[in-house]
Amino acid sequence: MSRQSDASGSFDIDAGYKPLRDRVRDELRQRIIDDVYPAGTRLVETEIAAQLGVSRLPVREAIRSLESEGFVRTVPRRGAVVVELSAQDVEELFDVREALEVLASRQAATQATKAELRRVRGILARGRKALDTGDRVALGTANEAFHDEILKLSHNSLLQTVLEPLQGRLHWLLRQTGDPHDLFEEHSAWFEAIASGSADLAAEHARRHARLNREIVRTLLAERQHQAPPA
């Protein structure tokens, strides 16, 4: 099995069932979410192709796909550049996130099976371990997995389909967090509300969590804009 590595991790060019262009897209998207490629980074096809051990074609296709998702834009004389989500982008994403997660939580409270609830408890346990060991990467991964599972627990396939094109940017939002201990406690309380079977309680926890995180991201975005050097 062929594996190419660089400073940001490993990319297995033989792994998975997805077409290569989709796996390259997923890899680049995750690097943007993880801030390996921060806002303003040029995505140079030849460099990325060399890092991943692939030709330029799947890289070019991946960049085009990420541009349609809102992660990348083409700048004259610079090429493809990672974008900084604007304040309006953040507000719109949180509007969608709150609406969908409240609905998903309400439905999850009445639709989730015992096996599914055990699976989410396992995700929380991984998050707790990451928190205790200070593993921020694992904590971010557990955070994303928790939110993804809430949608699955709703057993609403249309809801998941509607959300899929936004998932990458929503994952970016999930990485913009405040105190990780507070985050974990919020997730734990939210999960227990779902497990209790109370749709109203689960919806209220989802709404509260989304609104608290909206304020956190607003603050972080304002700080970044204040610290950014003049153009």
*asked:* Do L201 and H205 have side chains that approach each other closer than 4.5 Å (heavy atoms only, starting at C-beta)?
replied: yes

Original post:
Do I48 and Y37 have side chains that get closer than 4.5 Å, going by heavy atoms?
Top reply: yes

Can R128 be said to sit on top of F184's aromatic six-ring, NZ or CZ under 6.0 Å from centre and within 45° of the ring axis?
yes

Is S196 reaching over with its side chain to a backbone N or O of A193, donor-acceptor style, under 3.5 angstrom? yes

- Message: Show, in sequence, the C-alpha distance, side-chain angles and deciding distance for Q111 and L153, and conclude whether the side-chain contact (heavy atoms from CB on, under 4.5 Å) test is met.
- Response: CA-CA 7 Å; Q111 298 297 322; L153 296 186; over 6 Å; no

| field | Check: H181 main-chain N/O paired with D179 side-chain donor or acceptor under 3.5 Å | value | yes

For R169, the side-chain hydrogen bond (donor to acceptor under 3.5 Å, both in side chains) test, sequence neighbours excluded, returns none

Are L117 and I150 linked, directly or through intermediate hydrophobic residues, by side-chain heavy-atom contacts shorter than 4.5 Å (ILVMFWY only)? yes

In K152, R121, H155, the residue satisfying side-chain hydrogen bond (donor to acceptor under 3.5 Å, both in side chains) with E116 is H155

D132/K129 ion pair, N-O < 4.0 Å: no

Under 3.5 Å donor-acceptor pairs involving side-chain atoms of residues 72-80, not counting sequence neighbours:
residue	atom	partner	partner atom	Å
T74	OG1	E67	OE1	3.4
T74	OG1	E67	OE2	3.2
R78	NH2	G40	O	3.3

Tabulate below the donor-acceptor pairs under 3.5 Å that side-chain atoms of residues 92-101 make, not counting sequence neighbours, or state none.
residue	atom	partner	partner atom	Å
E92	OE2	Q88	NE2	2.9
D95	OD1	R214	NH1	3.2
D95	OD1	R214	NH2	2.9
R97	NE	E101	OE1	3.2
E98	OE1	R211	NE	3.4
E98	OE2	R211	NE	2.9
E98	OE2	R211	NH2	2.9
E101	OE2	H147	ND1	2.6

Residue pairs meeting ring-ring contact (aromatic ring centres under 6.0 Å, His included), one or both in residues 50-74, sequence neighbours left out, come to none

Output for pair (L20 CG, L57 CG), nearest 0.5 Å, gives 9.0 Å

Residues P38 and V82: closest non-hydrogen pair is O-CB, 3.6 Å

| Quick one: do L170 and I123 end up in the same hydrophobic cluster if we chain Ile, Leu, Val, Met, Phe, Trp and Tyr together by side-chain heavy atoms under 4.5 Å apart? | no

Checklist line | Side-chain donor or acceptor of D148 paired with backbone N/O of A145 under 3.5 Å | finding: no

Nearest heavy-atom contact between L159 and A104 is CD2-CB, 3.7 Å

Distance col, row R218:CZ vs L220:CG, nearest 0.5 angstrom, shows 12.5 Å

Note: G70 and L85 closest approach over all heavy atoms is O-CD2, 4.3 Å

Check R64 with E61, please: is the shortest side-chain N to carboxylate O separation under 4.0 Å?
no

Exercise. Could you check if a side-chain atom of N143 sits within less than 4.5 angstrom of a side-chain atom of L139, using non-hydrogen atoms only?
Key: no

Hey, are the side chains of V59 and V54 touching, using non-hydrogen atoms and a 4.5 Å cut-off? yes

>> Any salt bridge linking D26 with R29? Criterion: basic side-chain nitrogen under 4.0 Å from a carboxylate oxygen.
In response: yes

Exercise. Is the backbone of V102 close enough, under 3.5 Å, to the side chain of S105 for a donor and an acceptor to pair up by distance?
Worked result: no

Exercise. Is it the case that one hydrophobic cluster holds both L151 and F191, taking links as side-chain heavy atoms less than 4.5 Å apart, direct or via other members?
Worked result: no

Salt bridge (charged side-chain N to carboxylate O under 4.0 Å, His left out) filter on E47, not counting sequence neighbours, yields none

Output for pair (H171 NE2, L166 CG), nearest 0.5 Å, gives 11.0 Å

R21 and P58 have their tightest heavy-atom pair at CA-CB, 4.0 Å

**Asked** Can you hop from V81 to V83 via hydrophobic side chains spaced under 4.5 Å?
**Response** no

Same cluster or not: are L131 and L183 linked, directly or through other Ile, Leu, Val, Met, Phe, Trp or Tyr residues, by side-chain heavy atoms under 4.5 angstrom apart? no

Output yes when R31 and E27 qualify as a salt bridge under the 4.0 Å nitrogen-oxygen rule, no when they do not.
yes

Separation between CZ (R106) and OG (S198), nearest 0.5 Å, reads 8.5 Å

F146 meets the ring-ring contact (aromatic ring centres under 6.0 Å, His included) criterion, sequence neighbours left out, with H187, W190

Sidechain-backbone polar pair: N213 side chain, H209 backbone, donor-acceptor under 3.5 Å | yes

